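I have placed the structure first, in the form of structure tokens, so that the comments after it can refer back to it.
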Amino acid sequence: MTEQTNKYTAPQKEAMDAPVFSVHDILQMMLANWYWFILSVTVCVGCAYLYIASTQSVYNRTATILVKDSRKGGDTDLSAFSDMVGFSARRNVDNEIYILQSRRLMEQVVRQLNLTVNYSTRSGLRQQALYKSSPIQVEFINNNETEGCAFAVALLEENQLSLSDFNRRDISSEDSEQVISGALNDTISTPVGQVIVKPTLYLSEDYIGRTINVRKTPIFATTNSYRQAVESSVANKMSSIITLSMRDVVPQRAEDVINSLIQVYNSDAMEDKRAVTKQTATFINNRLKIISEELGNVDKDIEDFKRYNNVYSISSEAQRLIGESSQYKSEGLNVENQIAMASYIRDYLLDENQKNVLIPATAGFVNTLIAAQIKDYNEMVLLRNKLASEGSSNNPTVLNINNTLEASRLSIIASLESHIQALEIQLAALQREEQDANSRIRNASAQEKEILSSVRQQKVKEELYLYLLQKREENELALEVVEPNSRVVDQAFGSNTPVYPKSAMILLVALIFGLGIPFAIIYLLEILDTTIRGRKDLEDRISIPFLGEIPQYAGNAPHGIVVRENGRDTVSEAFRILRTNMNFMNINGEKELKVIMVTSSNPHAGKT
């Protein structure tokens, strides 16, 4: 008995660890509850469709700019003039990204596009933004940029309208529930302040009876919102290309914000350069005025000095004086030579031994009168000597010539004396002129030293003045040809397919949830169900032999007996199968089975 019990209980533990459900069981379970799956899928897909229909579509827009950084290939357009106007093309791309994301630039964009006031209307299940297509424009008379408000404008016939649903932090519920009537272009007093509702070109009959929602947000909150919406990134650290992207429910607004941000960024950079250039121009003009006055004073000092000393140029005056001194010295030497020659001839004539002798010829003798006298004297001496050689010395003609020669000799001596005196006077004058020139040369060195400081200042002032004039022209050129820090590679663009909500993905998720929710519920119920509903529940969980199953009898059994001899109904066949299986259980048994115990898991199950 013990062996038999172990025989059937040992495999039973292994059978309890076996999988409860197979793929076939799961399919059967889903087919049996198909209506719940259809209902769940319908509800989930319907909710997803309502979500898609009520959610505004979000579009993505992207722009690309090239920051002009020479280190990364973004050379300036005016690189040919960089040496003239002093452009600096070395910029840090990361710094430019921070500038693009600055609050100051985005606030200018918000003011330029008037993004603090938004208009919308209901279109179906969703709110439709009326960016640049609103039929009305609201002007806030007492505009406070730090406060936000909202209200609804209902357009009526004959240019009439009504304002309602006022919302602001400091108004009461009674004020918010007011309905105020007015007309277009009229000043209307409301709980949120005085406003003027003006029509636009988009106003048509289609908007009559419709409600336009107007929302005004504080400038600070609007700026922060768009700063977070605009993303700036660098695709490659080795490049200077910045990508600007933004997501918005209105693609045109995203394009305008990105393009305006680029324009404001370039304009701001150009204004900074112009401010620096203008400040530089002011500094240069002031310096030119001061240096011009100083240069004028130095020029006047030099002019007064030259006028007082009667010189034009110290260097040229010194050269002239040196030339004059050399000339006086040369002329003095010539005069001394003339004096020495005249003295020699005079002494020669005064010598008694040299009477009636030819006077030596003197080349270069400047006195023509004395030279003619000497020539005549020599001719007479030659004539006398010829006559004396032909006759006696007492010849009257010779004597007459001797007398003439004596008179001529005395005349020449007198002329030489007079000529020597004149040459000595001339020599003295030349020596005085030479001394004066030398003195003036010595004074020129002192004058040059005296004027050197003024000339040096004049030269420095002139160079500085010319340098500032050149820089002023360069600065004017820089002011006229100011270039932006970036070049637009692509304006803001993007696909007309929304990036959110993704309808296909949402519907797929809804379909998965629609199938998963009933499956999870049914599967959980199956796991938690501990009742035995059929033969399979026993075979999957125990390993003892299964002998048979008796179906429930649905008919009327006379006298309570459902099994009869030669019966062909299902219950009779089930009992025959049970009997046969019991006989097979005792094929190798030593004892015949005589006792059958009928039991159940709960009372009143029909054992009796």
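Note that this is a predicted model, so its numbers are computed, not measured. Here, residue 1 is the first one in the sequence, and each next residue gets the next number.
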Tell me, do [X] and [Y] make a side-chain contact under 4.5 Å, heavy atoms counted?
| X | Y | value |
| --- | --- | --- |
| Ile262 | Val264 | no |
| Thr211 | Arg122 | no |
| Tyr131 | Asp256 | yes |

**Q.** Test side chain to side chain contact (heavy atoms under 4.5 Å, CB included) applied to Met106 and Leu115, Asn224, Val230, the passing residue
**A.**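 Answer to the side chain to side chain contact (heavy atoms under 4.5 Å, CB included) test with Met106 among Leu115, Asn224, Val230: Val230.
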Q: Enter the distance from Lys216:NZ to Glu145:CD here, rounded to the nearest 0.5 Å.
A: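 Lys216 NZ to Glu145 CD: 7.5 Å, rounded to 0.5 Å.
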Q.
Can a side-chain donor-acceptor contact be found between Thr222 and Thr217 if the only test is distance below 3.5 angstrom?
A.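 Yes, because at least one side-chain N or O of Thr217 sits under 3.5 Å from a partner of the opposite role on Thr222.
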Q: Answer with yes or no whether the side chains of Gln178 and Asp175 bring together a donor and an acceptor at under 3.5 Å.
A: yes
Q. Between Pro199 and Asn185, what is the shortest heavy-atom contact and its length?
A. CD-OD1, 3.4 Å
Q. Which pair of non-hydrogen atoms, one from Ser40 and one from Gly514, has the smallest distance, and what is that distance?
A. OG-O, 2.7 Å
Q: Applying side chain to side chain contact (heavy atoms under 4.5 Å, CB included), name anything that partners Pro251, two or more places apart in sequence or on another chain.
A: Tyr59, Arg61
Q. Can you name the residues that form a salt bridge (charged side-chain N to carboxylate O under 4.0 Å, His left out) with Asp94, not counting sequence neighbours?
A. Lys237
Q.
Which label fits Phe151 and Phe166: parallel for a plane angle under 30°, tilted from 30 to 60°, or perpendicular past 60°?
A. tilted
